[in-house]
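Structure first, commentary second.
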Amino acid sequence: MVEKIANAKFFDSLVEQMVEKGAYKAAVIPVSQVELDAGFRSLCESNACGKYGKCWMCPPDIGDIDTLMKTIRTFDYAFVYQTVGLLEDSYDIEGMQEAAKKHSELSQKVTKMFTEDSFMRILHLGAGGCHVCQKCAREADGPCRYPNQALSSLEAYGINVSKLAAASGMKYINGQNTVTYFGAFFCSIM
């Protein structure tokens, strides 16, 4: 299986499948090209999204930022994908929510593509925290209802998403009246 995984055609096939499933663009890059910055944790701590301390997949519950960044460095490759939603204007909250929903649906489809049968280790990170449940069980001090589907965000792991986009040959901003979301599947082959 390792010979198959190391084959560029196998990687290209996975990237093509991501686009077929709805990604605007997708690419694979070595993890060494992923820029990490512990400063992104302060964005989470500011609680602009309202999930800090209220979601198992968000800080502080997801873990120490330095440990999470070290975890990223233990992987070999990142399969990066993006979705782009069109908005009526910069105040189109419903359009942003619809684009986020489509991105979350794509993330669940992508999860099914990557299995530990194909890779030794995997970690899937999404955009803006977990969106599997409408309300996380963390708020009622219950366990995660869907641990095999739950996703933490790229930013919670200290990933600079705008630089991840550039390293992957993608744009972070895709034009006026658009919203762009990113996800990445980290994997190890040996």
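One is the number of the first residue; the rest follow in order along the sequence. From a predicted model like this one, the values you see are computed outputs, not experimental measurements.
Note: Phe11 and Phe79 have perpendicular aromatic rings, judged against thresholds of 30 and 60 degrees for the angle between ring planes.
Tyr157 pairs by the ring pair (Phe, Tyr, Trp, His ring centres under 6.0 Å) definition with nothing, not counting sequence neighbours.
Between Ala78 and Phe186, the closest heavy-atom pair is CB-CE2, 3.6 Å. The shortest non-hydrogen separation linking Cys55 to Arg138 is N-CG, 3.6 Å.
Under the 4.5 Å side-chain criterion, counting only non-hydrogen atoms from C-beta, Glu139 is in contact with Lys135. Between Leu151 and Ser107, the closest side-chain pair of non-hydrogen atoms falls below 4.5 Å. Looking only at side-chain heavy atoms (C-beta outward), Glu155 and Val161 come within less than 4.5 Å of each other. In this structure, the side chains of Thr83 and Lys102 stay at 4.5 Å or more apart for every pair of heavy atoms. Taking the side chain as every heavy atom from C-beta outward, Asn177 and Asp92 never approach each other to under 4.5 Å. At least one side-chain heavy atom of Lys21 sits less than 4.5 Å from a side-chain heavy atom of Leu106. The closest side-chain heavy-atom distance from Leu36 to Ile159 is below 4.5 Å.
Residue Cys130 holds its SG atom at 6.5 Å from CE of Met57, rounded to the nearest 0.5 Å. Distance check, rounded to the nearest 0.5 Å: CD1 of Ile65 to SG of Cys44 gives 7.5 Å. Note that CD1 of Ile29 is 13.0 Å distant from CG of Asp76, once rounded to the nearest 0.5 Å. Here CG of Leu123 is found 9.0 Å from CG of Leu68. Values are rounded to the nearest 0.5 Å.
Using a distance-only test at 3.5 Å, with no hydrogens or angles considered, a donor-acceptor pair links the side chain of Asn174 to the main chain of Lys171. Proximity of a side-chain donor or acceptor of Arg73 to a complementary backbone N or O of Val31 within less than 3.5 Å is detected. For Arg41 (side chain) and Ala156 (main-chain N/O), a donor-acceptor pair under 3.5 Å exists by modelled atom type. A distance-only check finds no donor-acceptor pair linking the side chain of Asp12 to the backbone of Glu16 [under 3.5 Å].
Screening residues 123-156 for ring-ring contact (aromatic ring centres under 6.0 Å, His included), with sequence neighbours left out, gives Tyr81-His124, His124-Phe185. Residues in residues 17-65 take part in no ring-ring contact (aromatic ring centres under 6.0 Å, His included) pair, two or more places apart or across chains.
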### Task
Run the numbers on Lys25 and Val19 for side-chain contact (heavy atoms from CB on, under 4.5 Å), then give the verdict.
CA-CA 6 Å; Lys25 289 187 178 179; Val19 172; 5.7 Å; no

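Under 3.5 Å, the side chains of Arg121 and Thr74 contain a donor-acceptor pair of N or O atoms. With hydrogens and angles left out, the side-chain atoms of Asn160 and Ser162 include a donor and acceptor closer than 3.5 Å. A donor-acceptor pair shorter than 3.5 Å cannot be found between the side chains of Gln108 and Ser104.
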